[in-house]
Amino acid sequence: AGERGFLNVPERRDESLAAFRAAAAASGRCGAPYVNVLVGRDTGRVPRKEQLRVAASALAACAESARGCDVRIVIEPINDRDVPGYLVPTPEAALELIELAGSDEVLLLYDAYHAARMGADPCEDVAAWLPFVGHVHYADCPGRGAPGTGEVDLRRFVRALEAGGYEGVVGLEFDPGPSTPEALAAVPW
């Protein structure tokens, strides 16, 4: 339905918390350390600042549940060119929300594609965000394609992560084209 989360919608708070608890329980059973919680699009009904306050309150409640499931929450900035009105389109905006939530259980999901769509150079900029990062995604940009189809060099990006001390995995979140096995075989490791 085009939704990108609804933490910012007060009347959907119970639904948000129930969905998070279910996702956290499943993640815990699978051994997945993070749950990506989407914040939502600007509803236009109240100021952005109020929507962020509502979302932060819901995140704080989710963080309480996360502790019991041994998972952490990641907040993914989603560019507002592909998803107009998304409340946290940049790492700066996501960090603002994370700070409002006030929990060590809530971290940043750094997505190279979304950062590049907002005009950042992920290979240069990711180091500044690493102290707040729980997980990383990669797709080339423009086009959300496989490595080498755009301007975000995967090797350079991984080197920047390693130089900054990131020890987690990098989720490949690109459109593989007609064949996923062929696209993965072509990834320049």
Side-chain angles (χ1 to χ4, degrees), residues 3-10 12-41 48 51-80 83 86-118 120 122-123 125-139 154 157-174:
E3 289 184 327
R4 297 295 188 268
F6 37 83
L7 284 181
N8 58 318
V9 181
R12 295 187 76 176
R13 181 183 172 101
D14 290 343
E15 182 182 355
S16 294
L17 297 180
F20 175 77
R21 285 191 294 271
S27 293
R29 288 190 303 273
C30 296
Y34 301 105
V35 174
N36 183 2
V37 177
L38 299 178
V39 177
R41 291 179 169 185
R48 178 182 180 275
Q51 291 179 66
L52 288 174
R53 189 196 63 73
V54 168
S57 174
L59 275 176
C62 289
E64 289 298 318
S65 295
R67 283 187 196 98
C69 297
D70 199 28
V71 298
R72 295 177 91 184
I73 298 165
V74 288
I75 299 298
E76 180 177 16
I78 298 178
N79 79 80
D80 61 9
V83 181
Y86 195 71
L87 278 176
V88 290
T90 63
E92 293 91 348
L95 192 56
E96 175 187 356
L97 176 62
I98 290 166
E99 289 173 354
L100 282 171
S103 173
D104 292 340
E105 305 304 320
V106 184
L107 301 167
L108 177 67
L109 188 162
Y110 189 89
D111 187 304
Y113 169 79
H114 289 298
R117 284 288 285 156
M118 293 300 288
C123 300
D125 297 346
V126 72
W129 302 109
L130 286 177
F132 314 103
V133 168
H135 184 63
V136 173
H137 283 173
Y138 171 88
L154 177 59
F157 182 62
V158 170
R159 281 195 303 270
L161 292 168
E162 289 172 343
Y166 181 72
E167 296 179 354
V169 300
V170 176
L172 299 177
E173 194 182 48
F174 58 81

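Just so it is clear, the values below take in all heavy atoms, side chains as well, and ignore hydrogens, waters and symmetry mates.
- Between Y166 and V133, the closest side-chain pair of non-hydrogen atoms falls below 4.5 Å.
- Under the side chain to side chain contact (heavy atoms under 4.5 Å, CB included) criterion, N79 pairs with R81, D82, Y113, H114, R117, M118, sequence neighbours left out.
- Taking the ring axis of Y86 as reference, the NZ or CZ atom of R4 does not stay both within 45° of it and closer than 6.0 Å to the ring centre.
- Judged as a salt bridge (charged side-chain N to carboxylate O under 4.0 Å, His left out), and not counting sequence neighbours, R21 has no contacts.
- How far CG of D70 is from CD of E105: 9.0 Å, rounded to the nearest 0.5 Å.
- Taken to the nearest 0.5 Å, the CD1 atom of I73 stands 11.5 Å off from the CG atom of D104.
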Acceptor/donor pairs from residues 51-62 side chains to any protein atom, 3.5 angstrom cut, sequence neighbours excluded:
unit_1, atom_1, unit_2, atom_2, d
Q51, OE1, N8, ND2, 2.8
Q51, OE1, T43, N, 3.0
Q51, NE2, D42, OD1, 2.7
Q51, NE2, V46, O, 2.9
R53, NE, E50, OE1, 3.1
R53, NE, E50, OE2, 3.3
R53, NH2, E50, OE2, 2.6
S57, OG, R13, NH1, 2.9

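- When the side chain to side chain contact (heavy atoms under 4.5 Å, CB included) test is applied to P91, the partners found at least two apart in sequence or on another chain are P77, L108, Y110, W129.
- With sequence neighbours excluded, the residues that form a side chain to side chain contact (heavy atoms under 4.5 Å, CB included) with C69 are A24, V71.
- Nearest heavy-atom pair across G164 and L130 is CA-CD1, 3.5 Å.
- For residues 164-174, the set of pairs meeting the salt bridge (Lys or Arg N to Asp or Glu O under 4.0 Å) definition, not counting sequence neighbours, comprises R144-E173.
- Looking at residues two or more places apart in sequence or on another chain, you find a side chain to side chain contact (heavy atoms under 4.5 Å, CB included) between E64 and R67.
- Evaluation of the salt bridge (Lys or Arg N to Asp or Glu O under 4.0 Å) test over residues 93-103, restricted to residues two or more places apart or in two chains, returns R48-E96.
- With rounding to the nearest 0.5 Å, the separation of CG in L95 from CD1 in I75 is 11.0 Å.
- Applying the salt bridge (charged side-chain N to carboxylate O under 4.0 Å, His left out) criterion to E92, with sequence neighbours excluded, gives no partner residue.
- Sorted by first and then second residue, the side-chain hydrogen bond (donor to acceptor under 3.5 Å, both in side chains) pairs with a member in residues 23-38 read N36-E76; sequence neighbours excluded.
- Residues A93 and P89 come closest through the heavy atom pair CB-CD, 3.9 Å.
- In plain terms, the two heavy atoms of S16 and F6 that are nearest each other are OG-CD1, 3.2 Å.
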